[in-house]
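What follows is one structure encoded as C-alpha cells, with my remarks underneath.
We use all heavy atoms of the structure for the numbers below, so side chains are in, but hydrogens, waters and symmetry mates are not.
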There are 2 protein chains.
Amino acid sequence: MPEQENRYREKLLERGLKVTRQRLALLAALNQSDTPLTAEELFMRLRKDFATLSLSTIYRTLDTLCGKQMVARSVLMDGGRAMFEMTPEVHCHNLICTVCHRIVPIQDCPLGAYEDSIARTTGYKISGHKLEVYGICPQCRNNFKPRE
Amino acid sequence: MPEQENRYREKLLERGLKVTRQRLALLAALNQSDTPLTAEELFMRLRKDFATLSLSTIYRTLDTLCGKQMVARSVLMDGGRAMFEMTPEVHCHNLICTVCHRIVPIQDCPLGAYEDSIARTTGYKISGHKLEVYGICPQCRNNFKPRE
DNA sequence: GTCTTTGCAAATCATTTGCATGGAA
DNA sequence: TTCCATGCAAATGATTTGCAAAGAC
C-alpha cells in the first residue's frame, strides 16, 4: 500500500522529521492494528522486517510522533505498560472487553453537551476528554454463560 | 476522627483483612486527600507516623485494598506512576486542569443512556466506564490571559 | 499459636539515556 | 556534508518478590 506510505512520508516531512524505514514501518503497524499497542508489541511486529531493530528506537519514535500529533498515547495502561495508537481522525472512544481484553472503537460520543454544561458550572475552559467503556463482549458472554 | 477509623476497621474485617496501623493510616491519608495519590506520595505522608515504614508495604497494601474494592486505581497515570484514591461511594468523574494539574470531582454523569445504547448496538454487557475531562481552570485562565 | 502483614534487600519490568555509527536531506 | 536517527549497552525509576521477624486474632 504505497499510497498510505506516501501520506506518512509527507506528514513526517511537514513536521520536520526524517523519513526512515523504521518510522514508516511503525506507522503502518499502528495503522493496521485495530487496538492500541504497547512498545513491546510494536517491537515484536517490526522485528520481523528489521533484524537489528532496537526497542529504544521504538520508544524514541513513539515519543517523537506523539509530540507531532501523529500518534496518540492511549489512556489505557495495560498493567503499567503504555499503549499507543494512530491519532484518530474522528473523535471516538474505546469499548474494552473485561474478559478477553479486546478493544473496539465506538464512534458515537454524547459528551459535547456535557462539556458545555461543565464549562458553565465550573468556569473551566474545557479542552477535551477521555472515555473508556468496559463490558463483556458477546463471545465471552457465550463462553461463560451458566447452563440453565 | 476515631469514627472514621472504626468504619475502616469494620470494612477491613468484613473482607477478612487484619487491621493494622499502616492500613488505617493509608486509608485515612487517601481519604483526606482531595486528589488521587501515587504510592510515593502516600509513603511520604505516612512516613511521618511510621519511622520504619517500607514502600513495599504501601504497594502491597494498595494492591490488597484495590482487590477488596476499598481503594481504586485511578485512570490517571502521572507520567508512568499509578495513582490511587478511595473508591468513590457516588459515581463521579474527574475534571483535570491541564495547566496546574489540579483535579476536581464532578458528580453529574450523562453516560447511563449512552451505555444502554452501546449495549444494544454492540451486544456487549456493559459493566462501567471511566471518564476524564480536561480543561483549564479559572485561575490558570486568569494567569495566562493575554492583555487586551 | 497460627497465619497474615511488615520491613528490608534484592530482583524485575518498563522506559530512558549516553555515545558512537549509520543514514536522510 | 550536516545533522538527525538508530543500535547497543548501561542507567533509571516504578513496582514486585523472597524471606525472616513482628503483629493481629
Provide a list of protein-nucleic acid N or O atom pairs under 3.5 angstrom, restricted to nucleotides 10-13 of chain C.
none

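Checking Thr52(A) against Thr64(A), the closest nucleotide of DNA chain D that is more toward the 5' end is the one next to Thr64(A). In terms of position on DNA chain C, the residue among Ala39(A) and Thr61(B) whose nearest nucleotide sits closer to the 5' end is Thr61(B).
Between the side chain of Thr121(B) and the backbone N or O of Ser117(B), at least one donor-acceptor pair lies under 3.5 Å. Glu41(B) places a side-chain N or O within donor-acceptor distance of the main-chain N or O of Thr38(B), the cut-off being under 3.5 Å.
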The contact string for nucleotides 17-25 of chain D, one letter per nucleotide 5' to 3', using protein heavy atoms under 4.0 Å with B, S and - for base, sugar-phosphate only and none, comes out as BBB----BS

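Counting non-hydrogen atoms under 4.0 angstrom, Gln22(A) reaches the backbone sugars and phosphates but no base.
For residues 44-54 of chain B, the side chain to side chain donor-acceptor pair (under 3.5 Å) pairs, not counting sequence neighbours, are Ser54(B)-Ser56(B).
For the pair Leu131(A)/His129(B), a side-chain contact is recorded, criterion being any heavy-atom separation below 4.5 Å from C-beta on. Taking the side chain as every heavy atom from C-beta outward, Asn31(B) and Gln4(B) approach each other to under 4.5 Å. No side-chain heavy atom of Tyr124(B) sits under 4.5 Å from any side-chain heavy atom of Ile136(A). Contact annotation: the side chain of Val19(B) never approaches that of Arg23(B) to less than 4.5 Å [non-hydrogen atoms, C-beta and beyond].
Between the CG atom of Leu24(A) and the P atom of dT6(D) there is a distance of 10 Å, given to the nearest Å. Rounded to whole Å, the distance from CG on Leu46(A) to P on dA5(D) is 17 Å. Summarising the geometry, the separation between CZ on Arg15(B) and P on dT5(C) is reported as 14 Å, rounded to the nearest angstrom. Note: CG (Leu62(B)) to P (dT15(D)) measures 9 Å, nearest angstrom. Across the protein-nucleic acid pair, Leu55(A) atom CG and dC8(D) atom P stand 11 Å apart, rounded to whole Å.
Comparing the local axis fitted to the first five base pairs of the helix from dG1(C)-dC25(D) to dA25(C)-dT1(D) with the one fitted to its last five gives a bend of 40°, rounded to 10°.
Residues forming a side chain to side chain contact (heavy atoms under 4.5 Å, CB included) with Ala72(A) (at least two apart in sequence, or on another chain): Glu85(A), Thr87(A).
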Throw together a table of side-chain donor-acceptor distances under 3.5 angstrom for residues 61-68 of chain A, partners on residues two or more places apart or in other chains.
from	atom 1	to	atom 2	distance (Å)
Thr61(A)	OG1	Thr57(A)	O	2.7
Asp63(A)	OD1	Arg73(A)	NH2	3.3
Thr64(A)	OG1	Arg60(A)	O	2.8
Lys68(A)	NZ	Arg15(A)	O	3.3

